[in-house]
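The structure under discussion appears below in the form of structure tokens.
Quick caveat, the model's predicted, so the values are computed rather than measured. Side chains included, hydrogens not; waters and symmetry mates left out as well; all remaining heavy atoms used.
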Amino acid sequence: MRIVRITFISILIGLLCPGFVSGQQTFIKASIDSTHILIGDQTNIHLEIVSQKGKELQLPVFGDTIITGIEILGVSKPDTVDLGNNNIQIKQNYLVTSFDSAIFVIPPFEVIEGSDTILSNSLGLKVSTLPVDVESKKFFDIKDVIVPPFVLSDYATIIWSVIGVLVLILIAWYLYEVKRGRKSLNLFKKKEEPELPPYIVAINELDEIKSKKLWQQGLNKEYHSSVTDTLRKYIEKRFDTHAMEMTSGEILNHIKGVKEMEPVYNELKQILQLGDFVKFAKYQPLPDENDLSLTNAYTFVNETKPETPPLNTPHKGELEVSSMEEKVILDEGMKK
């Protein structure tokens with residue numbers, strides 16, 4: 001009876017656990033969470049291996065599929081558990097799916113132990129499509145394409161690209177025009193006001209010197225320096241000379257050859273010489289001498305001013321008005 005019982009147990013283990021022969025051999029078993037899934041659903045295949053410690057095992061290695069029609073989505077790392085009695089358990093899971101409706105037979109998994117190949121049991125998997133109820137379900141036509149609402153930020157890249165191109169075109173055009181010599185294209189330069197004629201500027205400055213009454217306050221040096229500087233600037237602009245950098249003697253020698261200055265040569269000489277005496281020799285002029293310098297300055301400017309108005313004056317009417325205004329200014333300067 002004892003022999004019969006042992007044989008029966010051995011046969012029962014062999015039937016329930018294919019691949020298991022004895023405690024000295026490697027045991028491999030495959031199982032699946034669900035044998036029936038819908039297209040696109042997922043299920044796990046579990047591989048369990050029991051073997052002795054120290055044995056070299058090579059687990060199954062797959063690519064993207066186990067068999068044609070069953071795709072592998074993920075493989076877990078082998079999990080090893082010590083069972084005691086010099087035995088270990090190795091578990092590995094395979095997450096699979098299928099997009100074909102069919103009944104698949106998954107062949108046994110192979111584990112290589114040295115020169116031996118140990119096979120697990122095979123598995124079955126049924127993949128079904130969704131049932132279509134054409135009688136109770138109402139079908140609708142395909143909807144039109146929905147136009148999304150306009151959002152400005154969606155076109156920010158295009159807008160900034162267009163602006164950048166326009167700016168580059170504007171810069172290129174501007175540089176091209178400047179290169180051609182069109183100085184009027186300076187967009188950042190303020191329009192300059194028309195410059196007054198030199199003799200008008202000189203008369204205005206002489207009027208201001210007279211109104212300040214410098215020599216009456218004992219400021220003789222400042223008074224004569226202002227008068228001579230005004231005449232130097234006038235001569236420099238009127239006759240295109242460097243009068244501001246010249247000495248009084250150099251200015252007098254220079255104007256000897258200018259016909260327009262011959263009638264007022266002595267007046268200019270009096271102004272410059274008296275100014276040098278006051279500035280460099282600390283000479284204290286009499287009140288009449290101070291008045292004479294200013295009177296001669298007015299005379300010098302009036303006698304040497306150009307007879308024709310500036311060429312940049314646009315209209316004849318404006319020329320007449322300008323000449324009348326200048327005459328009034330000069331007359332008032334002489335009266336003062």
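In terms of heavy atoms, L125 sits closest to S34 at CD1-O, 3.5 Å. Nearest heavy atom pair, residue R232 against residue M244, reads CB-SD, 3.5 Å. Between S120 and A30, the shortest heavy-atom contact is OG-CB, 3.8 Å. The minimum heavy-atom distance between L196 and V201, with the atom names listed, is CB-CG2, 3.8 Å. The heavy-atom pair separating D41 from I37 by the smallest distance is O-CD1, 3.7 Å. Counting all heavy atoms, side chain and backbone alike, I251 lies closest to A243 at CD1-O, 3.7 Å.
Panel note: side chain S76, backbone N93; a donor-acceptor pair is recorded below 3.5 Å. A distance-only check finds no donor-acceptor pair linking the side chain of T230 to the backbone of E205 [under 3.5 Å]. In terms of modelled atom types and a separation under 3.5 Å, the side chain of Q89 and the main chain of T80 share no donor-acceptor contact. Without hydrogens or angle criteria, N253 side chain to G249 main chain gives a donor-acceptor distance under 3.5 Å. Remark: side-chain polar atoms of S98 are paired, donor with acceptor, to backbone N or O of G69 under 3.5 angstrom. The main-chain N or O of T247 is found under 3.5 Å from a side-chain atom of E250 such that the two form a donor-acceptor pair. A donor-acceptor pair is defined here as one N or O able to donate and one able to accept, closer than 3.5 Å; such a pair exists between the side chain of N302 and the backbone of Y298.
Atom-to-atom distance recorded for S101:OG and K126:NZ is 10.0 Å, nearest 0.5 angstrom. The distance from the OG1 atom of T26 to the CD1 atom of I118 is 4.0 Å, given to the nearest 0.5 Å. Atoms OG and CG, on S128 and L38 in that order, are 6.5 Å from each other to the nearest 0.5 Å. The structure places CD of Q270 at 9.0 Å from OG1 of T295, a figure rounded to the nearest 0.5 Å. Between D229 atom CG and E236 atom CD the span is 11.0 Å, to the nearest 0.5 Å. Between the OG1 atom of T117 and the CD1 atom of I112 there is a distance of 5.0 Å, given to the nearest 0.5 Å.
Within 6.0 Å of CD on E56 lie no more than 12 heavy atoms contributed by other residues, nucleotides or ligands. The local environment of CZ in F239 is crowded, with over 12 non-hydrogen atoms from other residues, nucleotides or ligands closer than 6.0 Å. The number of heavy atoms from other shown groups lying within 6.0 Å of NE2 (H242) does not exceed 12.
T304 and Y234 are linked by a side-chain donor-acceptor pair at a separation below 3.5 angstrom, with hydrogens and angles left out of the test. For the residue pair Y199/N204, the side-chain donor-acceptor check at 3.5 Å is not satisfied. Using modelled atom types and a 3.5 Å distance limit, the side chains of Q284 and N220 yield a donor-acceptor pair. A donor and an acceptor atom, one from each side chain of N86 and Q52, are nowhere located under 3.5 Å apart. Between the side chains of D276 and H224, no donor-acceptor pair of N or O atoms lies under 3.5 Å.
Using a 4.5 Å cut-off between side-chain heavy atoms of Ile, Leu, Val, Met, Phe, Trp and Tyr, with links allowed through other members, L73 and V75 fall into different hydrophobic clusters. No continuous path of hydrophobic side-chain contacts links I90 to L95 [ILVMFWY only; heavy atoms under 4.5 Å]. Under the 4.5 Å side-chain contact rule for hydrophobic residues, I88 and V111 share a cluster. L252 is connected to F300 through a chain of hydrophobic side-chain contacts under 4.5 Å among Ile, Leu, Val, Met, Phe, Trp and Tyr, so both are in one cluster. Linking Ile, Leu, Val, Met, Phe, Trp and Tyr residues whenever their side-chain heavy atoms come within less than 4.5 Å leaves L274 and V264 in two separate clusters.
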Got a list of side-chain donor-acceptor pairs under 3.5 Å for residues 151-169, not counting sequence neighbours?
unit_1 : atom_1 : unit_2 : atom_2 : d
S161   : OG     : T157   : O      : 2.7

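Within the structure, salt bridge (charged side-chain N to carboxylate O under 4.0 Å, His left out) pairs that include any residue of residues 286-304 do not occur (at least two apart or interchain). Applying the salt bridge (charged side-chain N to carboxylate O under 4.0 Å, His left out) test to pairs two or more places apart or on separate chains, those with a residue in residues 212-227 are E208-K212. Pairs engaging residues 71-87 under the salt bridge (charged side-chain N to carboxylate O under 4.0 Å, His left out) rule: K53-D82 [sequence neighbours left out].
Listed by chain and number, the residues in a ring-ring contact (aromatic ring centres under 6.0 Å, His included) with F109 are F62, Y94 (sequence neighbours excluded). Listed by chain and number, the residues in a salt bridge (Lys or Arg N to Asp or Glu O under 4.0 Å) with K279 amount to none (sequence neighbours excluded).
Side-chain contact between I45 and S31: absent, with no pair of heavy atoms (C-beta onward) separated by less than 4.5 Å. Contact annotation: the side chain of P285 approaches that of V278 to within less than 4.5 Å [non-hydrogen atoms, C-beta and beyond]. Side-chain contact between H254 and M246: present, with at least one pair of heavy atoms (C-beta onward) separated by less than 4.5 Å. Counting heavy atoms from C-beta on, the side chains of T65 and I70 never come closer than 4.5 Å. By the 4.5 Å heavy-atom criterion applied to side chains, I39 and T97 are not counted as neighbours. Under the 4.5 Å side-chain criterion, counting only non-hydrogen atoms from C-beta, K91 is not in contact with V81. Looking only at side-chain heavy atoms (C-beta outward), F104 and T68 stay at 4.5 Å or farther from each other. The closest side-chain heavy-atom distance from I66 to V96 is below 4.5 Å.
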**OP:** Might you work through the side chain to side chain contact (heavy atoms under 4.5 Å, CB included) test for E48 and I28, ending with a clear yes or no?
**Re:** CA-CA 6 Å; E48 179 183 349; I28 178 171; over 6 Å; no

Subject >> From CA spacing to verdict: side chain to side chain contact (heavy atoms under 4.5 Å, CB included), I271, T228 >> reply: CA-CA 7 Å; I271 297 170; T228 54; 4.1 Å; yes

**OP:** Apply side chain to side chain contact (heavy atoms under 4.5 Å, CB included) to the pair N121 and K29, showing each step before the final yes or no.
**Re:** CA-CA 6 Å; N121 54 297; K29 177 185 176 182; 4.1 Å; yes

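Checking each of L272, L268, N296 against L231 for a side chain to side chain contact (heavy atoms under 4.5 Å, CB included) leaves exactly one that passes, namely L268.
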